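Following: one structure in structure tokens, then a few remarks.
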Amino acid sequence: EVQLVESGGGSVQPGGSLRLSCTVSGVTFNDYAIGWFRQAPGKEREGVSCISSSDGSTYYKDSVKGRFTISRDDAKNTAYLQMDSLKPEDTAVYYCAAGQWVVEFDASDEYEHWGQGTQVTVSS
């Protein structure tokens, strides 16, 4: 059984930081690109970032460039999303996803496996 488990969400004030983790089991982790998506209330799910399986290339949504950093530790089967300088508009449920043949990092249908999500709330 493939499982993706997110952790690290929570509530933080604007300007604060959070680090999300995504631990994957049931597949060969280093065969998969890992993406992070988010969905805010009343809005569609959107791609935030992705890290490739091959060379560790990274991709970011424009609005998070310079604030978010994606990384992966293949030895731990875990990917991370470091989120700094958080803004209220970053408030959403964050999901990690795994895909073997990802071409467009923000295309959700290119990812085969998904986690359950973790809530991130940025508010003063």
Side-chain angles (χ1 to χ4, degrees):
E1 179 187 7
V2 181
Q3 284 192 318
L4 283 72
V5 179
E6 302 100 335
S7 61
S11 295
V12 64
Q13 292 186 340
S17 297
L18 286 172
R19 187 195 196 203
L20 305 184
S21 298
C22 173
T23 300
V24 181
S25 61
V27 294
T28 303
F29 182 73
N30 57 13
D31 285 345
Y32 285 77
I34 302 297
W36 286 95
F37 289 75
R38 67 186 181 188
Q39 187 166 20
K43 295 187 177 181
E44 293 189 355
R45 184 168 53 186
E46 60 181 7
V48 175
S49 184
C50 175
I51 186 166
S52 73
S53 59
S54 54
D55 59 3
S57 296
T58 58
Y59 307 87
Y60 297 94
K61 177 181 174 62
D62 284 347
S63 62
V64 307
K65 285 180 181 177
R67 300 189 298 120
F68 290 11
T69 304
I70 192 170
S71 61
R72 63 189 294 156
D73 185 339
D74 288 354
K76 295 183 178 180
N77 288 1
T78 300
Y80 305 95
L81 187 67
Q82 177 67 41
M83 305 186 296
D84 298 318
S85 302
L86 282 162
K87 303 176 180 180
E89 51 263 43
D90 295 317
T91 295
V93 177
Y94 282 71
Y95 301 88
C96 68
Q100 279 193 292
W101 311 110
V102 175
V103 175
E104 298 290 336
F105 86 92
D106 55 355
S108 59
D109 58 359
E110 295 194 7
Y111 294 83
E112 298 100 272
H113 308 292
W114 290 80
Q116 293 299 307
T118 185
Q119 176 70 47
V120 171
T121 302
V122 185
S123 173
S124 56

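Any value given below was found using the heavy atoms of this structure, including those in side chains, with hydrogens, waters and symmetry copies removed. Sequential numbering from 1 along the given sequence is applied to the chain's residues. Note that this is a predicted model, so its numbers are computed, not measured.
The closest side-chain donor-acceptor pair between T78 and T23 falls under 3.5 angstrom.
Looking at residues two or more places apart in sequence or on another chain, you find a side chain to side chain donor-acceptor pair (under 3.5 Å) between D84 and S17, Q82. Shown here are the side chain to side chain donor-acceptor pair (under 3.5 Å) partners of K65, two or more places apart in sequence or in another chain: D62. Applying the ring pair (Phe, Tyr, Trp, His ring centres under 6.0 Å) test to Y95 and every residue at least two apart in sequence or in another chain returns nothing. Partners of D90 according to the side chain to side chain donor-acceptor pair (under 3.5 Å) rule, which considers only residues two or more places apart in sequence or in another chain, are R38, R67. For the side chain to side chain donor-acceptor pair (under 3.5 Å) test, no residue two or more places apart in sequence or in another chain qualifies with S71. Y111 meets the ring pair (Phe, Tyr, Trp, His ring centres under 6.0 Å) test with F37; sequence neighbours excluded.
Between the side chain of E110 and the backbone N or O of E104, at least one donor-acceptor pair lies under 3.5 Å. With E6 contributing its side chain and G117 its backbone, the two residues share a donor-acceptor pair below 3.5 Å. Checked by atom type and distance alone, the side chain of T118 never pairs as donor or acceptor with a backbone atom of Y94 at under 3.5 Å. Between the S49 side chain and the Y59 main chain, a donor and an acceptor come within less than 3.5 Å of each other.
The heavy-atom pair separating Y32 from T28 by the smallest distance is CD1-O, 3.3 Å. The nearest pair of heavy atoms linking A79 to W36 is O-CZ2, 4.1 Å. Closest non-hydrogen pair, R72 versus N30, comes out as NH2-CA, 3.7 Å. Across every non-hydrogen atom of A98 and I34, the tightest pair is CB-CD1, 3.8 Å.
Heavy-atom contacts from other residues, nucleotides or ligands closer than 6.0 Å to CD of E89 number more than 12. Residue Q39 qualifies as enclosed at atom CD: its count of foreign heavy atoms under 6.0 Å is above 12.
The shortest distance between side-chain heavy atoms of T58 and F105 does not fall below 4.5 Å.
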